[in-house]
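One structure below.
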Amino acid sequence: MIIAIDGPAASGKGTLAKRLAAHYGLPHLDTGLLYRAVARTLTDHGDPLDDGAAAVRAAQSLDLGHLDETRLRGRAMGEAASVVAAIPAVRAALVAWQRSFANRPEGAVLDGRDIGTVICPDASVKIFVTASAEERARRRHRELVSRGETVAYEDVLADIRRRDARDSGRAAAPLAAAADARLLDTTDLDIEQAFQAAVAHVDAARRETA
Ligand code: CDP
């Protein structure tokens, strides 16, 4: 079973994907980390984020099985990731690895922006997770503060709006719900309620295809 989870920044898709993977005993891939790692490589080398050739080289030489999440999770890397993720050749360089992760015999849970539309269009279940920009900014602000970053809520909200516009407006694999995705709005749900709603979606999809 392949479970595809997509949605905008801080919608809760990562937490949901992790919990679904544990619940169904499947491996999990957070595909945002791939784009964050490309951005990190450029930053470490002092290359500009819009240097397409350097970004493709970085994407092709990532050690994909060993991404260091703590170095990639910060606010600046989320913003930088969305810049490199708009480069079509960077996305193309990462497709085969994501598909081979998804197509292992037991299945997998992948979360990102284009899993249901581009990476796994035949996924068994597709869930598109949303929440209001204000609620997502509150969650991301809390997360960044708990990581030790000093940042104002208004700045996080501005980041989220800018990132939504860039991710949805780009030509290459824009953030969008697949036509057959189930929508899950987590604005008024806590983690447990969102998880239960996602499990209900997965189980309903499995019953439909059984
Ligand atoms: O955790 P958050 O939702 O803030 O970010 P993320 O999932 O780590 O993704 C960071 C950036 O990578 C996004 O803003 C997208 O531009 C890009 N991304 C993408 O284009 N395609 C994916 N499958 C995953 C992430």
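First listed ligand is number 1; within each ligand, the first listed atom is number 1.
- Residue Q98 has no N or O atom closer than 3.5 Å to an N or O atom of ligand 1.
- For the pair R99 and F101, the cation does not sit on the ring face, since its NZ or CZ is not both under 6.0 Å from the ring centre and inside 45° of the axis.
- For ligand 1, the polar-atom distance check against R140 finds a nitrogen or oxygen pair separated by under 3.5 Å.
- Within 6.0 Å of the CG atom in D188, the count of heavy atoms belonging to other residues, nucleotides or ligands does not exceed 12.
- The atoms of ligand 1 that sit less than 4.0 Å from any heavy atom of T31 are 22 (C), 23 (N), 24 (C).
- Panel note: side chain E149, backbone R75; a donor-acceptor pair is recorded below 3.5 Å.
- Below 3.5 Å of separation, one finds no N or O of D30 facing any N or O of ligand 1.
- When only non-hydrogen protein atoms are considered, atom 8 (O) of ligand 1 lies nearest to R36 NE, 2.6 Å.
- Atom 21 (N) of ligand 1 has its nearest heavy-atom neighbour, among R91, R163, E69, in R91.
- Which parts of ligand 1 touch R73 is read off a 4.0 Å heavy-atom cut-off, strictly below it: atoms 1 (O), 8 (O).
- Residue contact check: A81 has heavy atoms under 4.0 Å from atoms 10 (C), 11 (C), 12 (O) of ligand 1.
- F128 pairs in a side-chain contact (heavy atoms from CB on, under 4.5 Å) with only one of the listed residues (L175, I5, L184, D185), which is L175.
- Residue-ligand proximity, D167 to ligand 1, at heavy-atom distances under 4.0 Å covers atoms 13 (C), 14 (O), 15 (C), 16 (O).
- At least one heavy atom of A10 lies less than 4.0 angstrom from ligand 1.
- Distances from atom 13 (C) of ligand 1 to the heavy atoms of R170, R75, R113, E143 put R113 nearest.
- I191 CD1: 12 or fewer foreign heavy atoms inside a 6.0 Å radius.
- Scanning for ring pair (Phe, Tyr, Trp, His ring centres under 6.0 Å) contacts around Y24 gives an empty result, with sequence neighbours left out.
- Polar contact check, Y35 against ligand 1: no nitrogen or oxygen pair lies under 3.5 Å apart.
- A salt bridge does not link R147 with E143: none of the charged nitrogens is closer than 4.0 Å to a carboxylate oxygen.
- In terms of modelled atom types and a separation under 3.5 Å, the side chain of K126 and the main chain of D6 share no donor-acceptor contact.
- Remark: ligand 1 atoms within the under-4.0 Å shell around heavy atoms of A85 are 16 (O), 17 (C), 20 (O).
- Residues forming a side-chain contact (heavy atoms from CB on, under 4.5 Å) with A85 (at least two apart in sequence, or on another chain): Y35, R91, R170.
- Heavy atoms of K13 come nearer than 4.0 angstrom to ligand 1 in at least one pair.
- The contact set between ligand 1 and G32, taken as ligand atoms under 4.0 Å from a residue heavy atom, comprises 6 (P), 7 (O), 8 (O), 9 (O), 24 (C), 25 (C).
- Between E192 and R19, at least one side-chain nitrogen of the basic residue sits less than 4.0 Å from a carboxylate oxygen of the acidic one, meeting the salt-bridge criterion.
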